[in-house]
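Below: one structure, written as C-alpha cells.
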Amino acid sequence: MKQAIKIYFADFWPGLDFQNNFITNALSTRYEVIIDPDPDYLFHSSFGNKHFKYTNCIKIYYTGENDVPDFNLSDYAIGFHYIDFEDRYFRLPLFVLYQGYENITSKWVDKEAALNRKFCNFVYSNNKAASPMRETFFHQLSKYKKVDAGGRFLNNIGSPVSDKRAFIRDYKFTIAFENSCVSGYTTEKILDPMLVDSIPIYWGNPQVGMDFNKESFICVNDYESIDQAIEEVIRLDKDDDAYIRKLSFPWMTPENVNHVKMSQLNDFLEHIIEQPIENAVRTTPYGFSKRYWEKQSLISKVNNNIVRRFLKF
C-alpha cells in the first residue's frame, strides 16, 4: 500500500491541473497523492505570492522562468540554473517537460526534402521584457532574405499560425532566441525546430552545449557579432552539402542525454518526502531570516494592493 501524502499548489500559471501535471504524476508513481489546501508539501511558482500564507509546511519552489530560486523563502527548489546547494535543488529545464522530447535522440534526414524548403522563420507572440537581441537579429537576417514571421510579433505573413511546429517544419532554419541570456536557461525555443528537423539559430543559455549537441545548430552566443553568425547562416544556406552535414549531426550526444533525466526528479522528490517532515525543513524562522521573510511578505502585500487599486480604474 502506497504512503499517502498531502500536497497543494500555489502561484502557478492559470489553468494548472492539480491532479494531472508533471509533479503530481511523478509523485503518484510512489505515493498516494492527496490534493489538500492544508498540505504537508506546498509546490509554488513565480506567478503570485499566495505562498506567503503557508507557514506550516514544506515549501518547494518551481520555476520555468529565468528567475533564481530564493532559498530564504523555500526549503527546496526546481529550476534552470546550474546550482549545487546541498540537497535543496534540482535542475529541470523546461524543454524536458515538452511533448516529443523523449524522441529527440532519433533522427533521419531526407536530403531532398530538407533542402526543398523555405529559408527561415521567426515565431514569437510578443517581445515584452525580451532582450532586443531577438528583434535585432530578425531584422539583420531579413536583409539577406525574407524571414517569415508567423507569430503575433512582427507578423509578416498575414496572420499568426495556429500550429507552430507544423509551420516551422517547412523551413531550413528557425530563429530560436530565448528572451534573455542566462546560464542554464534553455527552454522549448530550441526544441521545437529540432523536433521537425529545422536547424535552430539559437541564442540564450551560454552553456547550452550541456543540454544539446552544438554541432547540430548555430549558436549565436559563440560568435563575436551578429554579423558573423549571419554569415554562417548564409554560408549554410548557399552550400547544400554543408547544410546537410550540419543537419545530420545528432541533436543530443550521450552526455547530453544523461545530463537531465525525469527519473532524477522522482529521486529528488522522494528524498524530501522520505524524511520526517520536521527533518525536511531547510528554512528557519529565526534570526535575520525572520526579518527577511517578513520584509518580502510585506512587499508582496504592497504590490498586491497596488495591482488591485489599478484594476479599479
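Values in this document were obtained by computation on a predicted structure and should not be read as measured data.
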Centre-to-centre under 6.0 Å for [X] and [Y], is that the case here?
X	Y	value
Phe22	Tyr62	yes
Phe18	Phe9	yes
Phe43	Tyr8	no

Are a donor atom and an acceptor atom from the side chains of [X] and [Y] found within less than 3.5 Å of each other?
X	Y	value
Asp75	Thr283	yes
Ser198	Thr174	yes
His44	Lys59	no
Glu255	Thr253	yes
Ser183	Gln207	yes

Holding to salt bridge (Lys or Arg N to Asp or Glu O under 4.0 Å), I want the full list of residues that pass it with Glu178, two or more places apart in sequence or in another chain. none

With heavy-atom distances below 4.5 Å as the criterion, would you say the side chains of Pro39 and Tyr54 are in contact? yes

Who else is in Phe52's hydrophobic cluster (ILVMFWY, side-chain heavy atoms under 4.5 Å, direct or via others)? Leu73, Phe288, Tyr292, Trp293

Write out all pairs satisfying salt bridge (Lys or Arg N to Asp or Glu O under 4.0 Å) with one or both partners inside residues 212-229, taking only residues at least two apart or from two chains. Lys214-Asp222

